[in-house]
Novice: 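This is the structure, below, for whatever I ask next.
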Amino acid sequence: MSYDKLPVPDPDLASALFFASLDTGQLDIQRCARCGTPHLAVILCDACGGDVFLAERATGSGIIYSATRCHTVHHPAFADLSPFMGGIVELSEGPRLFAPLIGPGPFAVGQAVTAEVLRVGDRKLAAFQRTGATV
């Protein structure tokens, strides 16, 4: 299955580090220097209002928080992928992100997954595949 044509959002001020790390093949989080709260894309910490963050390499492991099989194609880039799986993954560091669920299923809430960075044209995107049983 090819993900070459998927739309990848343009980074903004909050998400620049997240997308820059993906473009190097890594998955990084930002940890608030004041209170330690982990974030994916942030300008101000939603826990304490801090504005200084430390980049930290994520383990890439997490669990499926929510999953859905998408049958309706709302963008032409997904036409060849339908039906496809997407889900919200809670990283072991705490933040959650929506990403494709790839590889052999079935996928279930609570299931352990690991990140894989996929090339999408000249950019990269985080996706997750199963690594084990439901937690």
Side-chain angles (χ1 to χ4, degrees):
M1 188 172 294
S2 174
Y3 296 91
D4 269 357
K5 299 176 186 171
L6 290 183
V8 177
D10 289 326
D12 59 14
L13 185 59
S15 64
L17 176 78
F18 175 74
F19 284 110
S21 71
L22 286 176
D23 286 342
T24 66
Q26 304 296 324
L27 178 60
D28 288 352
I29 63 167
Q30 298 178 66
R31 192 169 295 277
C32 178
R34 183 188 295 173
C35 72
T37 299
H39 301 276
L40 288 174
V42 67
I43 295 173
L44 292 175
C45 178
D46 58 8
C48 74
D51 63 356
V52 176
F53 300 91
L54 307 171
E56 179 181 311
R57 181 82 7 101
T59 63
S61 63
I63 60 164
I64 296 174
Y65 179 81
S66 173
T68 188
R69 179 178 306 279
C70 302
H71 293 275
T72 303
V73 176
H74 295 285
H75 188 284
F78 293 91
D80 294 338
L81 300 175
S82 183
F84 60 92
M85 291 294 296
I88 297 174
V89 172
E90 184 173 307
L91 297 175
S92 60
E93 293 81 7
R96 295 178 183 155
L97 72 150
F98 182 81
L101 300 175
I102 61 172
F107 296 96
V109 170
Q111 192 168 55
V113 291
T114 189
E116 181 174 323
V117 179
L118 303 177
R119 178 168 295 285
V120 179
D122 62 349
R123 300 286 308 282
K124 294 189 179 170
L125 179 72
F128 290 85
Q129 53 186 319
R130 291 175 11 151
T131 57
T134 303
V135 177

Novice: Name all residues meeting the salt bridge (charged side-chain N to carboxylate O under 4.0 Å, His left out) criterion together with Arg123; count only those two or more places apart in sequence or in a different chain, and write none if there are none.
Specialist: Asp23

Novice: Are Leu97 and Met85 connected, step by step, through hydrophobic side chains (Ile, Leu, Val, Met, Phe, Trp, Tyr) whose heavy atoms are closer than 4.5 Å?
Specialist: yes

Novice: Applying side-chain contact (heavy atoms from CB on, under 4.5 Å), can you list everything that pairs with Ser82, at least two apart in sequence or on another chain?
Specialist: Val73

Novice: Same cluster or not: are Leu27 and Ile64 linked, directly or through other Ile, Leu, Val, Met, Phe, Trp or Tyr residues, by side-chain heavy atoms under 4.5 angstrom apart?
Specialist: yes

Novice: Going by ring-ring contact (aromatic ring centres under 6.0 Å, His included), name the pairs with one or both residues in residues 45-65, residues two or more places apart or in two chains.
Specialist: His39-Phe53

Novice: Report the residues that fulfil salt bridge (charged side-chain N to carboxylate O under 4.0 Å, His left out) with Glu116, sequence neighbours left out, ordered by chain and then residue number.
Specialist: none

Novice: First locate atom CD of Gln26, then atom NZ of Lys124, and finally report the distance between them rounded to the nearest 0.5 Å.
Specialist: 9.0 Å

Novice: Enter the distance from Leu118:CG to Ile102:CD1 here, rounded to the nearest 0.5 Å.
Specialist: 4.5 Å

Novice: Go through the structure and list residues passing side-chain contact (heavy atoms from CB on, under 4.5 Å) with Phe98, not counting sequence neighbours.
Specialist: Ile88

Novice: Membership question, hydrophobic clusters at under 4.5 Å side-chain separation (ILVMFWY): are Leu40 and Val113 in the same one?
Specialist: yes

Novice: Can you list every pair that meets salt bridge (charged side-chain N to carboxylate O under 4.0 Å, His left out) and has a residue in residues 96-109, with sequence neighbours left out?
Specialist: Glu90-Arg96

Novice: Of all residues at least two apart in sequence or in a different chain, which pass the salt bridge (charged side-chain N to carboxylate O under 4.0 Å, His left out) check with Arg69?
Specialist: none

Novice: Going by the rule side-chain contact (heavy atoms from CB on, under 4.5 Å), which residues pair with Ala55 if we only count those two or more places apart in sequence or in a different chain?
Specialist: Leu17

Novice: Any chance you could measure Phe128, atom CZ, to Ser61, atom OG, to the nearest 0.5 Å?
Specialist: 9.0 Å

Novice: Could you give all pairs that pass the salt bridge (charged side-chain N to carboxylate O under 4.0 Å, His left out) test and reach residues 37-56, with sequence neighbours left out?
Specialist: Arg31-Glu56

Novice: With sequence neighbours excluded, what pairs up with Ala33 under the side-chain contact (heavy atoms from CB on, under 4.5 Å) test?
Specialist: Val52, Leu54

Novice: Transitive ILVMFWY cluster of Leu13 at side-chain heavy atoms under 4.5 Å: who else is in it?
Specialist: Ile43, Leu44

Novice: Is there a side-chain contact between Cys45 and Cys35 (heavy atoms, below 4.5 Å)?
Specialist: yes

Novice: Are any of the side-chain heavy atoms of Leu125 and Pro100 separated by less than 4.5 Å?
Specialist: yes

Novice: Not counting sequence neighbours, which residues clear ring pair (Phe, Tyr, Trp, His ring centres under 6.0 Å) with Phe19? List them please.
Specialist: none

Novice: Which heavy atom of Val109 sits nearest to which heavy atom of Ala67, and what is that distance?
Specialist: CG2-N, 4.5 Å

Novice: Looking at side-chain heavy atoms only, is the closest gap between Ile29 and Phe18 below 4.5 Å?
Specialist: no

Novice: Please give me the minimum heavy-atom distance between Cys48 and Cys32, naming the atom from each residue.
Specialist: SG-SG, 3.6 Å

Novice: Show, in sequence, the C-alpha distance, side-chain angles and deciding distance for Thr59 and Ser92, and conclude whether the side chain to side chain donor-acceptor pair (under 3.5 Å) test is met.
Specialist: CA-CA 7 Å; Thr59 63; Ser92 60; 2.9 Å; yes

Novice: Return the CZ to CG distance between Arg130 and Leu101, rounded to the nearest 0.5 Å.
Specialist: 11.0 Å

